[in-house]
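Residue indices begin at 1 and follow the sequence shown. The basis for the numbers below is simple: all heavy atoms, side chains too, and nothing from hydrogens, waters or symmetry mates.
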Amino acid sequence: MSEASDTSERIAKYLARAGVASRREVERMIEDGRITLNGKRLDTPAVKVTQADRIEVDGKPVDPPAATRLWRYHKPTGLVTTHADPEGRETVFDALPKDMGRVISVGRLDLTSEGLLLLTNDGALARALELPATGWMRRYRARAFGSIDEAAIAKLRAGVTVEGIKYGPMDVEVERETGSNIWLDIGIREGKNREVRKALDSVGLKVNRLIRTAYGPFQLGDLPRGEVKAVPGRVLRDQAGHLVEMAATTGEAVAKKKPARPGRKPVKRKMGGAGQPGLPKPAADEDGAKPLKRARGRPAVRRPAGKTAAADRDTAPGRPPRKPQGRR
């Protein structure tokens with residue numbers, strides 16, 4: 001086994017990024033003796049590996065993890081967000097293109113919910129985007145049976161507790177009313193199980209359609225139902241690079257400075273007057289006077305402390321004294 005280095009990581013995390021299984025599933029696989037490292041069967045997940053190590057699962061070699069990627073998927077109703085459904089229902093992952101490889105979802109959408117679902121091949125990225133501490137707003141359009149008043153809206157905005165579970169403050173706006181239904185624009189930051197449905201049910205609204213329109217900076221937009229589209233690597237780095245170590249996983253090139261044009265000598269910038277970087281600021285005179293700003297082509301004028309420009313004008317030769325201004 002290779003020694004731990006800056007590029008090494010725990011084997012459970014490594015195999016999760018490689019698309020083998022989740023971290024917990026990998027740990028169970030190690031307990032069952034299904035994983036070997038450099039020809040030796042592992043009996044503990046407390047080891048670190050790199051791409052130079054040879055790892056096998058059930059006798060089959062594991063390819064190194066691919067570059068971190070993120071996809072937008074327009075989930076239709078009728079699909080469950082799980083890799084294996086005990087009831088045998090069709091899953092989101094059954095409907096995805098096979099060439100995507102193994103991916104996991106960022107959060108979930110229940111069976112009857114639709115709209116934006118983020119998918120990634122990196123478990124670390126998925127966990128970072130799911131954390132409430134990340135602070136990303138999840139936005140929904142909800143159609144519900146019933147009506148709502150300002151008191152109920154204020155209750156949702158303050159946060160509600162349903163069956164002992166506390167749901168945080170919600171961003172709620174009434175979009176429009178259509179017959180006996182009402183459309184609401186809702187934003188939440190925690191994303192607990194069936195949070196929108198349970199919160200609206202607590203104020204007398206029965207949700208009959210729920211569409212996620214945004215997850216943080218990523219929008220559903222005009223993505224057709226059932227379609228999946230990759231998020232460009234540059235956008236992913238810009239939006240999520242502060243949450244996880246993107247540089248080590250994406251393999252994207254770092255922009256270099258433009259080379260100087262041949263035959264041209266670099267020009268040194270001349271520093272300005274006092275106060276510019278690297279030069280001391282002008283100090284006040286011993287009598288407390290400070291130099292005035294100098295107009296172009298005119299010498300600087302120094303004025304004793306406490307004396308103003310107005311006083312100079314009032315005492316200038318040939319200038320009549322200013323009349324005191326009283327109330328009109």
Side-chain angles (χ1 to χ4, degrees), residues 16-17 19 21-23 25 66-132 134-143 167 170-171 183-200 207-233 235-236 238-240 243-244 246:
R17 289 204 302 112
S22 67
R23 292 192 191 187
E25 291 171 344
T68 297
R69 300 189 67 187
L70 186 72
W71 292 266
R72 294 183 302 126
Y73 173 58
H74 189 159
K75 175 193 174 297
T77 59
L79 299 179
V80 290
T81 312
T82 182
H83 282 276
D85 182 53
E87 300 180 22
R89 295 170 295 184
E90 186 179 6
T91 73
V92 164
F93 306 99
D94 294 333
L96 296 176
K98 301 305 179 184
D99 59 357
M100 285 181 61
R102 187 183 186 277
V103 296
I104 56 179
S105 63
V106 179
R108 298 187 176 211
L109 287 176
D110 60 37
L111 179 68
T112 56
S113 296
E114 55 190 297
L116 180 64
L117 182 65
L118 296 181
L119 306 169
T120 180
N121 61 348
D122 192 325
L125 176 62
R127 281 186 295 277
L129 301 186
E130 290 172 351
L131 289 175
T134 301
W136 276 5
M137 180 77 77
R138 291 87 153 158
R139 301 213 70 90
Y140 297 81
R141 291 186 67 231
R143 186 182 68 189
Y167 298 102
M170 305 174 68
D171 183 12
W183 279 94
L184 301 172
D185 183 81
I186 296 176
I188 60 176
R189 294 190 182 276
E190 292 182 322
K192 293 178 180 177
N193 184 34
R194 300 176 67 84
E195 179 174 349
V196 174
R197 295 178 185 273
K198 291 180 179 180
L200 293 184
V207 176
N208 49 49
R209 190 176 182 188
L210 188 62
I211 309 167
R212 183 191 280 165
T213 58
Y215 195 109
F218 302 105
Q219 308 288 322
L220 177 63
D222 56 358
L223 187 65
R225 184 180 286 104
E227 293 293 318
V228 60
K229 187 173 183 179
V231 174
V235 176
L236 177 58
D238 290 345
Q239 300 298 336
L243 301 175
V244 293
M246 301 296 297

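For the pair Gln219 and Thr213, the minimum side-chain heavy-atom distance is 4.5 Å or more. At least one side-chain heavy atom of Thr81 sits under 4.5 Å from a side-chain heavy atom of Leu117. Contact check for Leu243 versus Thr134: side-chain heavy atoms found under the 4.5 Å cut-off. For the pair Arg108 and Thr82, the minimum side-chain heavy-atom distance is below 4.5 Å. Taking 4.5 Å as the limit, some side-chain heavy atom of His74 sits within range of a side-chain heavy atom of Leu220. At least one side-chain heavy atom of Val196 sits under 4.5 Å from a side-chain heavy atom of Ile188. Residues Ser105 and Tyr73 are not in side-chain contact: their nearest non-hydrogen atoms beyond the backbone lie 4.5 Å or more apart. For the pair Val92 and Val80, the minimum side-chain heavy-atom distance is 4.5 Å or more.
The shortest heavy-atom contact between Ala240 and Leu129 is CB-CD2, 4.4 Å.
Annotation: the span from Leu70 atom CG to Phe218 atom CZ amounts to 5.0 Å, rounded to 0.5 Å. The distance from the CG atom of Leu236 to the CZ atom of Arg69 is 10.0 Å, given to the nearest 0.5 Å. Distance check: Asp110 CG to Leu79 CG gives 11.5 Å after rounding to the nearest 0.5 Å. The CD1 atom of Ile211 sits 4.5 Å away from atom CH2 of Trp183, with the distance rounded to the nearest 0.5 Å. Taking CZ of Arg194 as the reference point, atom CG of Leu210 lies at 9.5 Å (rounded to 0.5 Å). In this structure, CD in Glu190 is found 11.5 Å from CE in Met137, a value given to the nearest 0.5 Å.
With a 6.0 Å cutoff to the six-membered ring centre and a 45° limit on the axis angle, Lys192 counts as a cation-pi contact of Tyr167.
Not one N or O on the side chain of Gln239 forms a donor-acceptor pair closer than 3.5 Å with the backbone of Val235. Not one N or O on the side chain of Thr120 forms a donor-acceptor pair closer than 3.5 Å with the backbone of Ala126. With Arg212 contributing its side chain and Tyr140 its backbone, the two residues share no donor-acceptor pair below 3.5 Å. Looking only at distances, no side-chain donor or acceptor of Arg141 sits under 3.5 Å from a matching main-chain atom of Asp185. Checking side-chain atoms of His83 against main-chain N and O of Ile104 turns up no donor-acceptor pair under 3.5 Å.
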Tell me, with the steps shown, if Arg102 and Asn121 meet side chain to side chain contact (heavy atoms under 4.5 Å, CB included). CA-CA 7 Å; Arg102 187 183 186 277; Asn121 61 348; over 6 Å; no
Check against side chain to side chain contact (heavy atoms under 4.5 Å, CB included), Phe93 and Val103: CA-CA 8 Å; Phe93 306 99; Val103 296; 4.0 Å; yes
Kindly indicate, with the supporting measurements, whether the criterion side chain to side chain contact (heavy atoms under 4.5 Å, CB included) is fulfilled by Leu96 and Leu119. CA-CA 10 Å; Leu96 296 176; Leu119 306 169; 3.7 Å; yes
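Side-chain contact check for Arg143 and Asn208: at least one donor-acceptor pair (N or O, by modelled atom type) lies under 3.5 Å. Remark: the Arg197 side chain and the Ser113 side chain contain an N/O donor-acceptor pair separated by less than 3.5 Å.
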Solution key, residues 222-233 side-chain donor-acceptor pairs under 3.5 Å, sequence neighbours excluded:
| from | atom 1 | to | atom 2 | distance (Å) |
| --- | --- | --- | --- | --- |
| Arg225 | NH2 | Glu114 | OE1 | 3.4 |

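Contacts of Glu130 classified as side-chain contact (heavy atoms from CB on, under 4.5 Å), with partners at least two apart in sequence or in another chain: Val106, Tyr215.
Pairs passing the salt bridge (Lys or Arg N to Asp or Glu O under 4.0 Å) check and including a residue from residues 85-94, sequence neighbours excluded, read Asp85-Arg89, Glu87-Arg89.
With salt bridges taken as basic N to acidic carboxylate O contacts below 4.0 Å, one links Asp171 and Arg139.
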